[in-house]
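Below you'll find the structure, written out as structure tokens, and then a few comments.
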Amino acid sequence: MELVYSIDFKSFSKKTDFSFEEKICCSLSCRNIVAFSRARKADNDGDKLDIFYEVCVVDLDKPWQEYQVTTYNSSVSYMRWDPAGTTLLVVNAAGRFSLWKMKNYLINVWEESGFVDMEKEEILVLAWLHNGSQCLFNPEAREVITYSEKFVRNKLSPSVTQFGKKPVDGWIAVTSTGMLNVGLIPEKGGPLITSKASLGQSNTHIIQADIAFLPDAQILIATSDGQLSSSIHCYVAAVTLKNHLCSIRCSPSASFFLKKQPGYESGVQEPRLTRLSFLSRENSEVLLACWGNSNFSCVEVWHLIEQTIPLNRMFQNAAVTEFAYKTKRWIHKSHFTQKSALTDIARPKLPISRSFNMESTNFLSYFVCTYRDGTIKVVHRQSYQVIYTASMDQLISFKTLIPTDLNNSEPPEKRTRMTAPYLISVVQTTTGCGLVGLGEGRLYLFRMFNSRDGSLQMLPAFVILLLEYTMFVGLDVWDVLLAVRQGMIEGIVDKLNSNFQKQSSAVQELLHQRLLRLKMALYSCLGAGSQKAADCRALITLHAIATVLKSCLRPKSVTAQDKGPAEKLTHLCSVSPEKDLDQIIKSLDFDEFFLDSIKKTSSGNSKIEVSLQALQPFIQWVTDFILHLLAAVSMYPNHPQYPGSTILKNPQVLCTLRELLIIIRIWGKLNPACLPVFLTTVAIDPLLYLFQLVTKAWIAARDGMSIESTDQTFLDECCNLPSEMLLPNYKKTYGEEMNCYLAFSQPFPINYQFGVEPDFLFNPRYLNRVFPLDLCLDAEQKFDCVRQIQLGVQPREHLRECVRCHSLSLKRNPSTTRSPLLKAWELRFVKSCLCGGHWKVVPPTGPK
């Protein structure tokens, strides 16, 4: 366990002559966005008690960039991300449930989509209703070849369904008066559907509660009034929706009494139940119950089992073979103690298969208990043994925590007391490789596996399995990189490629871009891997554009036996070494290269011009990419890490470039306006020339030959290419400066400050890619990475900027696009950038 970074999020001065107790809330989404609440003092110089509460979100990759969601006059009680990571449910102390969504998926623009007021109700626990979608992670399946068998879908019923058994989004909450509140979000908008019911026959005062979901769509709720002499009451609730009316049915379930474990020293302060927590939302069989006082805490582990009770002969029926009655029962499994008060429990989020045997593998799944004395206990998920104990004093440095505004005249014991570190709220990342904690005014991120101390280790085989799981499910990969060491990256990439090639062609086509994003993230963690990361970024754009251009091809007749035009073209380019572009086109059928919209038009060539000319920016990008790839051939022997060196060795990529040049040539004969623009100094046909060079490079890569072993004519032609055709800006191909994931190549721990970029972002080794001098466009030109167009030096429109890689794109609504093809293209990147990061809106820099 190791501290990765910490950041101070307290905004008001600590010189105030008053103190107050606030509940710190923290929630982490599946896309590694942390939402937290904090108290802020008003800007005016009036009353010192004039404080409001702010809800902010930060990306784990760039934690110094905070984005405000909303503010409240009362403190925030709970925050929960929805399973998709786009909606944040916030509950304040006044009992107001607010749904906040990213407007147009922009992380710095939020809008309230609905709210429910439940005044004078204290919320004890809050959870999103289960949608029934869950993919299990089985460590024993690491040797399985196909992804579909390696990651099996779990059979869970949604908590609430509508017509057609479609799940309904919503939340469920338990209040201190024993009330169950449910809020449902209509699919087509409109007001929220709410309902409430009492857990028991009458309202009772409860102190602690938690919620778990059963496989049969029912909800298990555990409650307690805080007294050790009272039992832990459990209830089963079922929520139904019919005719826009929500109904809740509650029934009692098996309950139990706590066991007072030996080791507790009775004193003045009587012990109370301080925490009830199921092991996970989907694991209703394990309940953690913590009791104690300020100087002692004991965590008991209870299991819910199905007990069989035999019936008396008097009640047995001869027609029934089994004479037994089944009932639920809680049994005590384990416990562990600590001489301090428990502050929080970080439960695992990774859904592990229940058939997983911990003795057959070395994979570690855990939950974390934090205490007020700064102790952090890592407990095994299945054996419930404390496998690692750490202290905040060991993990962090006191010097980084001493407030800068603290009066130096204060005695040392007071300064130490104010900086005593302990965690108030903790949460695991989605895969459990990281731990996010909030202390008194500070946010921490811890690496759990493969750290410097070497206490908790994860084998490379399980790291690869986690990476493939995130790629298959569609989760953000950032937290898995915490378990990756620098020396493991090359081997992990090779194994990922090897496993990916064993999948079916349909699966490869579906997950190809996710694999490229994954490789780009891994290479970005290397200090000298920015060039390979840039290659992966270029391949992401190439694969997306190639998919769109080849999808426009339509066969003349649809039959199950015949191949489509895209498959015929791929087969032709993979076997034919023909270097003459016009000669290879003669063996193709021109009718199959017409766009679908062209076939339907009968009013001249107006439709042809609109359809093909809309694709001109993508066609231009392809040819510019080929220019950049070939013009730098002379750099590859002396600089093997130069951008594009790995691409020129890949025969599949070069074959794809040959296919695209053929498509561009045929479409250019239909409408010359869609052809790319070249600035040449000699009289040549650029497409013919580029196809000839790409074919030579493809033949060399197919035969396993290096750049040096190719004929000298090819090398001379590539070296003369910049003098014959002017090269566009290299950032158009390889993206902006890739400064995402750079924290993994820095020494830990890192001390961040809000609003201040760290110094390592300005390190010359990350900024200089030894790009050759641009001969055509100025490097200050801004470029739209989605629409592939130039934006100028000072754009007049609002832009979207990626919070990770800082790529830019116009903030336009895709619905305003007239072309259905371009509309579908823009919708592919409306939720995230090409690298997978969130968008944020930035104001225009040019004149209005």
Side-chain angles (χ1 to χ4, degrees), residues 1-7 26 28-34 58-64 85 137 139 346-350 362-368 376 378 387-388 390 395-396 423 426-438 443-471 473 475-493 496 517-527 529 533 740-752 758 760 804 835-837:
M1 189 173 180
E2 180 183 6
L3 177 64
V4 177
Y5 62 73
S6 64
I7 184 168
C26 174
L28 181 64
S29 73
C30 62
R31 300 186 62 183
N32 290 314
I33 303 297
V34 182
V58 296
D59 189 352
L60 286 182
D61 188 58
K62 301 287 188 298
W64 61 87
F137 178 82
R347 302 180 291 187
K349 296 182 178 180
L350 191 65
N362 294 324
F363 182 78
L364 174 62
S365 182
Y366 65 94
F367 63 92
V368 173
I376 302 175
V378 181
I387 55 179
Y388 181 72
L395 297 174
I396 63 180
L423 299 178
V426 287
V427 59
Q428 286 191 38
T429 59
T430 306
T431 58
C433 296
L435 186 70
V436 179
L438 268 72
L443 186 144
Y444 305 92
L445 175 66
F446 299 95
R447 165 191 276 179
M448 298 303 296
F449 300 104
N450 300 332
S451 56
R452 289 179 300 177
D453 55 8
S455 55
L456 302 177
Q457 294 294 319
M458 181 180 292
L459 298 177
F462 296 119
V463 177
I464 295 172
L465 189 63
L466 282 174
L467 292 171
E468 291 178 339
Y469 178 82
T470 57
M471 178 180 64
V473 179
L475 301 175
D476 186 47
V477 74
W478 196 94
D479 60 313
V480 187
L481 301 178
L482 291 170
V484 179
R485 292 192 299 265
Q486 294 283 322
M488 300 166 53
I489 292 179
E490 293 292 346
I492 287 177
V493 172
L496 287 173
R517 289 179 180 177
L518 186 57
K519 293 167 61 177
M520 184 188 70
L522 288 169
Y523 283 132
S524 299
C525 298
L526 286 174
C740 48
Y741 307 102
L742 293 184
F744 297 105
S745 59
Q746 306 303 314
F748 298 151
I750 306 173
N751 189 20
Y752 290 126
F760 63 79
R804 292 190 177 178
C835 71

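These numbers come from a predicted model, not from an experiment.
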Verdict with supporting geometry, R31 and D59, side-chain contact (heavy atoms from CB on, under 4.5 Å): CA-CA 9 Å; R31 300 186 62 183; D59 189 352; over 6 Å; no

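- Here OH of Y752 is found 8.0 Å from NZ of K62. Values are rounded to the nearest 0.5 Å.
- Closest of all the heavy-atom pairs between V477 and A521 is CG1-CB, 4.0 Å.
- Not a single donor-acceptor pair under 3.5 Å links the side chain of S451 to the backbone N or O of R447.
- Using a 4.0 Å cut-off between charged nitrogen and carboxylate oxygen, R804 and D476 count as a salt-bridge pair.
- The side-chain heavy atoms of L481 and Y741, taken from C-beta on, include a pair separated by under 4.5 Å.
- Annotation: side chain of L526 is in contact with side chain of E490 (closest heavy-atom distance under 4.5 Å).
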side-chain hydrogen bond (donor to acceptor under 3.5 Å, both in side chains) assessment of D61 paired with W478: CA-CA 8 Å; D61 188 58; W478 196 94; 2.8 Å; yes

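- Annotation: side chain of Y444 is not in contact with side chain of V436 (no heavy-atom distance under 4.5 Å).
- To the nearest 0.5 Å, the span separating CE on M488 from CG on L522 amounts to 9.5 Å.
- Under the 6.0 Å cut-off for aromatic ring centres, F748 and F446 do not qualify, their centroids lying 6.0 Å or more apart.
- A distance-only check finds no donor-acceptor pair linking the side chain of N450 to the backbone of V484 [under 3.5 Å].
- Note: W64 and F760 have perpendicular aromatic rings, judged against thresholds of 30 and 60 degrees for the angle between ring planes.
- For the pair T429 and L435, the minimum side-chain heavy-atom distance is 4.5 Å or more.
- Going from atom CZ of R485 over to atom CZ of R452 covers 14.0 Å, rounded to the nearest 0.5 Å.
- The main-chain N or O of Y366 is found under 3.5 Å from a side-chain atom of Q428 such that the two form a donor-acceptor pair.
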